[in-house]
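What follows is a short report on a single structure.
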Amino acid sequence: LARMDGAFQATEFPPEVGMRRFNLVRTEDLSGVSGTGIVAEGIEFENGKVAICWTSKYHITSVIDNMHTLEKVHGHGGKTHVEWIDGESG
């Protein structure tokens, strides 16, 4: 955020920062808690760490070591996948 004329306004990060946004999308809800569609919003940091915020009524935020762990824990055997907002996984 940048302060301009007494008000905070969102600013864009330069492309060299290396963070990438994504949505976690679920096609089938095995637990009956998260629902289907976009179930979490996330960021992958340049160091590989991942932060997600669930869009369910609980709005839990989690920090995970990497995308591989995210997939193993929350992938539900392929019923949940990542849709990149800021480019594909590299």
Side-chain angles (χ1 to χ4, degrees):
L1 294 177
R3 189 160 181 100
M4 301 176 71
D5 300 321
F8 286 102
Q9 296 182 356
T11 58
E12 290 187 24
F13 288 101
E16 61 271 30
V17 169
M19 295 184 295
R20 297 182 308 146
R21 300 171 299 156
F22 65 88
N23 289 315
L24 199 59
V25 180
R26 186 161 287 158
T27 57
E28 184 179 340
D29 182 12
L30 299 176
S31 68
V33 175
S34 301
T36 58
I38 296 173
V39 295
E41 301 168 322
I43 298 173
E44 180 186 37
F45 296 97
E46 190 170 5
N47 67 2
K49 300 287 185 189
V50 176
I52 58 172
C53 182
W54 295 94
T55 59
S56 70
K57 65 181 178 179
Y58 301 106
H59 299 290
I60 296 168
T61 301
S62 305
V63 177
I64 301 165
D65 282 339
N66 52 55
M67 292 301 290
H68 178 74
T69 301
L70 172 71
E71 179 186 355
K72 291 296 180 191
V73 173
H74 298 294
H76 295 281
K79 294 183 178 15
T80 304
H81 64 276
V82 169
E83 287 186 356
W84 292 102
I85 296 168
D86 296 321
E88 290 296 318
S89 175

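Cluster membership check: Ile38 does not share its hydrophobic cluster with Ile60, using side-chain heavy-atom separations under 4.5 Å among Ile, Leu, Val, Met, Phe, Trp and Tyr.
Between the CD1 atom of Ile85 and the CD atom of Glu41 there is a distance of 7.5 Å, given to the nearest 0.5 Å. Distance CD/Glu44 to CE/Met19: 11.5 Å, rounded to 0.5 Å. One distance of note links OG1 of Thr80 with NE2 of His74; it measures 9.5 Å at 0.5 Å rounding.
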Residues 63-70 side chain polar contacts: donor-acceptor under 3.5 Å, at least two apart:
| from | atom 1 | to | atom 2 | distance (Å) |
| --- | --- | --- | --- | --- |
| Asp65 | OD1 | Lys49 | NZ | 3.0 |
| Asn66 | OD1 | His68 | N | 3.2 |
| Asn66 | OD1 | Thr69 | N | 2.7 |
| Asn66 | OD1 | Thr69 | OG1 | 3.0 |

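The two residues Trp84 and Arg21 make their nearest non-hydrogen contact at CE3-O, 3.6 Å. Closest approach of Cys53 and Thr61 over heavy atoms only: SG-OG1, 3.6 Å.
Applying side-chain contact (heavy atoms from CB on, under 4.5 Å) to Phe22 and the options Ile43, Ile52, Asp86 leaves one that passes, Ile52.
Judged as a side-chain contact (heavy atoms from CB on, under 4.5 Å), and not counting sequence neighbours, the contacts of Thr27 are Lys79, His81.
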Please report the C-alpha distance between Asn23 and Val82 in whole Å, then the side-chain angles of each, then the deciding distance to 0.1 Å, and finally whether the side-chain contact (heavy atoms from CB on, under 4.5 Å) criterion is met. CA-CA 6 Å; Asn23 289 315; Val82 169; over 6 Å; no

